[in-house]
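Step one of this worksheet: look at the structure below.
Treat the numbers as computed from the prediction; the structure is a model and nothing was measured. Numbers restart at 1 for each chain; the letters A, B, ... are given by sequence-line order, proteins then strands.
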There are 2 protein chains.
Amino acid sequence: MTDRLPSPVTIEEVAAAAGVSRSTVSRVVNGATSVSPSALEAVSKAISDLHYVPNRAARSLASRQTLAIALVVPEETTRFFGDPFFAAIVSGINARIARSDYVLNLFIANSDPGDKMTSYLSRGNVDGAIIVSHHTSDTFIDRIADAVPVVYGGRPVKLRDDDYYVDVDNVRGGREATEYLIGRGHRRIATITGPQTMPAAMDRLTGWREALAAAGLTPGAVENGNFTDEGGAEAMRRILASGERPDAVFAASDLMARGALHALAAAGLRVPEDVALIGFDDSPIATSVSPALTTMRQPSFLQGEEMASMLIDRLAGIAIPNSRIMPTGLVVRESA
Amino acid sequence: MTDRLPSPVTIEEVAAAAGVSRSTVSRVVNGATSVSPSALEAVSKAISDLHYVPNRAARSLASRQTLAIALVVPEETTRFFGDPFFAAIVSGINARIARSDYVLNLFIANSDPGDKMTSYLSRGNVDGAIIVSHHTSDTFIDRIADAVPVVYGGRPVKLRDDDYYVDVDNVRGGREATEYLIGRGHRRIATITGPQTMPAAMDRLTGWREALAAAGLTPGAVENGNFTDEGGAEAMRRILASGERPDAVFAASDLMARGALHALAAAGLRVPEDVALIGFDDSPIATSVSPALTTMRQPSFLQGEEMASMLIDRLAGIAIPNSRIMPTGLVVRESA
DNA sequence: TTGAAAGCGCTAACAG
DNA sequence: CTGTTAGCGCTTTCAA
């Protein structure tokens, strides 16, 4: 192997420059409180003068932490990467991690149970893991969760005692989106759902049902759009083909709403005049289409940041609630 | 910090079990040749009996390698994540890395020059970096390339002597796609390009120009679709609004082709009867739209694998060519 | 072919 | 509040 030079300046040199011992430098680097102001200042100066960056291998070896966090992404990356909602989640995670001493290790999860990734994680090569977007069928999850602290993006499929997650109130989001439609006078309301193997998709559907029931309305068509653009378009086509045309549609993601929009346009229907359409996410898609989408916002970037924060707190031994439910909010634009 | 237990079995215990010294175990683990068959066998047995897994931090500290590779993704993640082409690239990179001793560190690159990431990478905290999809405006690139070996996805904006990259022949791809259109009898051929800050986008445009020039045809409209879905749709609308309607369009990515398809449908134009449309990538999008896209395939997953392979080889001190140009190929479906 | 010995750069008791 | 002292688990000369 070619030798890679590590950071040339060591803690020893910083200590010398600052006129203190290694330990004191270590203390300021690690934010220990018990350092005198003068020492703190001298060390800080030496650090920035010398551009000192701690060697993570040494640190990790001595402290018995890896300082690494795994970001586990499900195999079917097409859907994952195709949705700006996830881009925002990952950006948020990245942003929070960047402010910490941790680095993010990316793993694209292969459901193969003998998987190298699973054993890598199980062997304590990371301090914790963030798992985004999993399905009922993802079996490797449990093995990871047995080995290291995990924070989930979205309520996990089977909730266990020591599960931590960040989510929004999807039932409520679905309900309020639908209530808005009802309040605007719509009566034949269909929905395009996500895959019913995912809690978020199930919950939004539940919300839609609840709102209709509360208003005494008969539920319209329910079609699975699989959380994809094309799936949304197909679901919309099936809805239109199925008989009575709805006067409004609740799509459980903006991506699917976009697909639906195209299907509606292809069918010669105007939005919102003929069919009102409401999305979910308030991702960049919402404003990039025409008409701009009315949608239920969720704070994706913040959710990502919060996921990382929760994990970092847990690793630091700070007690935190098992879940963090972030607020949603209706954003009214043109489509409904 | 909560203590994370590392793999409990150390090289010392393996050595004891095998009746040899630490050094011999280390030699076996690292594949050194100078080990007697009997020692080799004893050590191998001990390793598997004890489920020994070397501690990366210790290994890294002693060997002065990090065993980590950075995956650097440009800030504007919306575009990155929105394109299935990149999903395939990342999957390929991930797959190859998973077969090695390296792990992938994900960095979302912030153009802020004082960036923590840049200094982290510069300080030798990774052995090498893979940089996907960069623009002429991405200034942090040079600083990374100065610090560690880099492999680029696509020819870098400014090619330096020691730059390594994997790419396809985009000029040729653009030319052949356009030649196909010409061969089908089309004469008024427009193009939807990617941002002209990216080599791939520039080259595909060049190929389009070359094919038209060779056929003695007047170039049609050229509109930038920014490598996004909506950008493609807008570019198509501009082309349609600009006067003479083209009888064929070369879109420099499938994502933009999809946008164009929608704009065409909205304008009441049939594909391919009124306007033929050809894409680029052969991403999953190509078959998920209707009509299915005729497109210029590039082997995205393999490109990702190759990027990782090149970097791993370089890090191993293996001499390799500076670039690897992967083949493209026309895939004829329905849209042209 | 093998073992002994010397660190890699850092953290973490433990005294003081 | 600070320095001293031991290692963390592994690789790597250097001799034998």
Would you say dC8(D) has OP1 or OP2 under 4.0 Å from some side-chain N or O of Ser60(A)?
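For dC8(D), neither OP1 nor OP2 has a side-chain N or O of Ser60(A) closer than 4.0 Å.
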
Counting only side-chain nitrogens and oxygens, does Ser21(A) get under 4.0 Å of the OP1 or OP2 atom of dG3(D)?
yes

Hey, which sits more toward the 5' end of DNA chain C by its nearest nucleotide, Ala62(B) or Ser34(B)?
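Final value for this comparison: Ser34(B).
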
Is there a side chain to side chain donor-acceptor pair (under 3.5 Å) between Ser309(A) and Asp313(A)? Walk through the geometry before answering.
CA-CA 6 Å; Ser309(A) 281; Asp313(A) 284 348; 5.8 Å; no

Please give, in whole Å, the distance from [N] [atom2] to [X] [atom1]?
| X | N | atom1 | atom2 | value |
| --- | --- | --- | --- | --- |
| Glu13(B) | dG9(D) | CD | P | 9 Å |
| Asn30(B) | dC10(D) | CG | P | 11 Å |
| Arg56(A) | dG9(C) | CZ | C1' | 14 Å |
| Arg27(A) | dC1(D) | CZ | P | 10 Å |
| Arg59(B) | dT12(D) | CZ | P | 10 Å |
| Asp101(B) | dT11(D) | CG | C1' | 14 Å |
| Glu41(A) | dT2(D) | CD | P | 13 Å |
| Asn55(A) | dC10(D) | CG | C1' | 14 Å |

Counting any heavy atom closer than 4.0 Å, what does [X] reach on the DNA or RNA strands: base, sugar-phosphate only, or nothing?
| X | result |
| --- | --- |
| Ser26(B) | base |
| Val20(A) | sugar-phosphate |
| Ala57(B) | nothing |
| Val25(B) | nothing |

Side-chain heavy atoms of Asn105(B) within contact of Asn105(A), under 4.5 Å
yes

Are the side chains of Tyr52(A) and Pro54(A) in touch, meaning some heavy atoms are under 4.5 Å apart?
yes

First of Leu61(B) and Thr24(A) reached from the 5' end of DNA chain D, by closest nucleotide
Thr24(A)

5'-most by nearest nucleotide on DNA chain D - Ser38(A) or Arg22(A)
Ser38(A)

Going by modelled atom types, is there a donor-acceptor pair between the base of dT12(D) and the side chain of Ser23(B) at under 3.5 Å?
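Side chain to base: pair found, below 3.5 Å.
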
Would you say the side chain of Arg64(B) and the base of dG7(C) hold a donor-acceptor pair, judged only by whether the two atoms sit under 3.5 Å apart?
no

So is Arg314(A) actually on top of Tyr164(A)'s ring, under 6.0 Å and inside 45° of the axis?
yes

Out of curiosity, Arg324(B) CZ to Glu306(B) CD, how far, rounded to the nearest 0.5 Å?
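With rounding to 0.5 Å, CZ (Arg324(B)) is 4.0 Å from CD (Glu306(B)).
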
Looking only at side-chain atoms of Ala39(B), point me to the closest of dT2(C), dC10(D), dC10(C).
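In terms of side-chain proximity for Ala39(B), the closest of dT2(C), dC10(D), dC10(C) is dT2(C).
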
